[in-house]
Amino acid sequence: VLGLAVATQPAWADRAARDLDRVLCDHAHCEMKAASNALALSARCTPWPSVMRALLDLAEEELAHFRRVLCEIERRGLALGPPEEDYYAAELRRRASAGRRDRSIAAVVTDRLLVGALIEARSCERFKLLSASIRPVDADLAAFYAELFEAEARHHAALTELAGVVTPDAGLVRARLADLARVEAEIVRALPGGATIHG
Ligand SMILES: [Fe+2]
Ligand SMILES: [Fe+2]
């Protein structure tokens with residue numbers, strides 16, 4: 001799916017479906033982080049005004065997702081606690097930055113856009129799995145995850161396209177995305193498969 005080099009193990013969705021309270025709380029934090037990452041990155045995109053605006057739009061949409069997940073959490077009588085550690089995203093960022101030779105602002109921003117695109121792709125893949133596995137027990141929540149699955153697929157495409165604005169060399173962007181997708185796959189293969197969006 002969406003340029004991902006390895007598929008999530010089906011057992012992940014079963015585990016997630018059995019612990020939806022934890023998944024929802026973790027998911028809320030993922031949306032909040034997606035919004036704040038997009039906002040922080042937009043501030044570094046002043047040399048590319050169209051990219052800056054697109055990231056502002058993305059931040060607003062992710063914030064709207066956060067509010068909707070928060071509503072679902074409250075509807076279930078749950079309280080949102082502090083974020084759990086997201087090893088997956090942190091490790092992907094760390095390895096992207098460790099493996100980057102070009103330290104220019106364009107290269108840094110391009111990498112952050114591509115890392116974001118991969119995180120969107122993985123979330124998209126997992127929302128689809130989760131939606132299918134909870135459909136028999138909670139059709140409304142399944143529909144919500146199906147809707148988000150479409151949004152994250154769109155974000156994946158948008159972030160990849162924005163990387164091409166910052167780095168107009170399409171071959172270079174494609175090669176870097178393939179490198180990062182290989183790193184992402186290595187990280188995903190080693191995940192314990194717990195009941196979090198990136199578990
Ligand atoms: Fe989102
Ligand atoms: Fe997203």
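Atoms within a ligand are numbered from 1 in the order they appear, just like the ligands themselves.
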Joint cluster assignment, Leu80 & Phe144, ILVMFWY side-chain distance < 4.5 Å: yes

Looking just at side-chain N and O atoms, do Arg135 and Ser131 make a donor-acceptor pair shorter than 3.5 Å? yes

Are there any protein N/O/S atoms under 2.8 Å from the Fe ion (ligand 1), and if so, which? Glu31 OE1, Glu62 OE1, His65 ND1, Glu152 OE2

Hydrogens and angles aside, do Glu125 and Thr8 bring a side-chain donor and acceptor to less than 3.5 Å of each other? yes

Between Glu31 and Arg68, is there a salt bridge with N-O shorter than 4.0 Å? no

Checking Tyr145 now: which residues fulfil ring pair (Phe, Tyr, Trp, His ring centres under 6.0 Å) with it, not counting sequence neighbours? His27, Phe127

Regarding Asp86 and Arg122, does a basic nitrogen lie under 4.0 Å from an acidic carboxylate oxygen? no

